[in-house]
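First comes the structure, then the notes that go with it.
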Amino acid sequence: MMKITLFALAALAVALAQEDAPAAAAAPAPAAGGAAPVQILKQVDEVDVDKYNFEFETSDGTSRQETGEYKNDTEQQGLVVKGSYKYVAPDGQQISVTYLADKNGYQPTEEKAADQAAPAPEA
Ligand SMILES: *[C@@H]1O[C@H](CO)[C@@H](O)[C@H](O)[C@H]1NC(C)=O
């Protein structure tokens, strides 16, 4: 059951990463406040029979990276997923989470860095 759940999560993550791309790339009209649209700075998608890797980074300080690999040895049978994501919270704090998901479950490590250089307040 755990393995099925991990596979489902991984598949969903890959699907979401791929779905997000065209919409974001279509550069929506600037928001009413005049904020610049968020740009995709980096995007990587690699899918193989027994492993995958995806990565993206956007101009608003958000990034996400994940690799998954199917293992079938004495140590581990099933998917091993390693990844991380970062974003700037509304209060300006940089949130960074690194995680491992394997036979021992989802194991996140969160770091909260000091405020980013605060964006200039809008007039
Ligand atoms: C995992 O490895 C065992 C032992 O080599 C093999 O019998 C089994 O078919 C493998 N399972 C998968 C899903 O590859």
Side-chain angles (χ1 to χ4, degrees):
M1 188 62 192
M2 175 67 109
K3 286 173 190 168
I4 292 168
T5 305
L6 283 176
F7 272 116
L9 284 174
L12 180 66
V14 170
L16 288 175
Q18 288 169 348
E19 275 174 21
D20 285 351
V38 175
Q39 301 293 317
I40 296 174
L41 302 179
K42 180 177 189 180
Q43 184 171 19
V44 176
D45 283 300
E46 294 161 338
V47 180
D48 210 335
V49 176
D50 60 351
K51 59 179 187 265
Y52 68 87
N53 172 61
F54 69 83
E55 199 172 332
F56 67 79
E57 185 181 336
T58 55
S59 58
D60 63 352
T62 299
S63 65
R64 173 140 160 61
Q65 181 275 327
E66 184 177 294
T67 61
E69 186 172 3
Y70 178 75
K71 300 266 192 180
N72 184 20
D73 53 45
T74 50
E75 276 299 297
Q76 173 86 36
Q77 286 184 308
L79 199 61
V80 176
V81 176
K82 294 176 190 170
S84 64
Y85 58 87
K86 287 183 189 171
Y87 64 95
V88 180
D91 66 0
Q93 233 180 5
Q94 168 93 53
I95 310 294
S96 173
V97 177
T98 301
Y99 56 87
L100 167 67
D102 62 7
K103 64 180 180 185
N104 298 315
Y106 178 64
Q107 302 151 67
T109 308
E110 186 184 30
E111 271 178 42
K112 287 184 183 176
D115 288 16
Q116 291 293 89
E122 307 240 345

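What you are looking at is a predicted structure, and each value in this text was computed from that prediction instead of being measured.
Atom CZ of Phe56 is separated from atom CG of Asp45 by 10.0 Å, given to the nearest 0.5 angstrom. In this structure, Leu79 CG and Lys103 NZ are separated by 14.0 Å, a value rounded to the nearest 0.5 Å. One distance of note links OG1 of Thr67 with NZ of Lys82; it measures 6.5 Å at 0.5 Å rounding. Atoms OG1 and NZ, on Thr98 and Lys86 in that order, are 8.0 Å from each other to the nearest 0.5 Å. Here Tyr70 contributes atom OH and Gln77 contributes atom CD; the two are 6.5 Å apart, rounded to the nearest 0.5 Å. With rounding to the nearest 0.5 angstrom, the CD atom of Gln65 is 8.0 Å from the CZ atom of Phe54.
Heavy-atom neighbours of Glu111 CD from other residues, nucleotides or ligands within 6.0 Å: at or below the threshold of 12. Heavy-atom contacts from other residues, nucleotides or ligands closer than 6.0 Å to CD of Glu46 number more than 12.
With sequence neighbours left out, the side chain to side chain contact (heavy atoms under 4.5 Å, CB included) criterion links Leu41 to Gln39, Glu57, Ser59.
Between Lys112 and Gln93, the shortest heavy-atom contact is CD-OE1, 3.5 Å. In plain terms, the two heavy atoms of Val38 and Thr58 that are nearest each other are CG1-CB, 3.5 Å.
Counting only N and O atoms by type, the side chains of Glu66 and Tyr85 include no donor and acceptor under 3.5 Å apart.
Counting only heavy atoms from C-beta outward, the side chains of Tyr52 and Val81 approach each other to under 4.5 Å.
Although no hydrogens or angles enter the test, the distance criterion places a donor-acceptor pair under 3.5 Å between the side chain of Asp102 and the main chain of Asn104.
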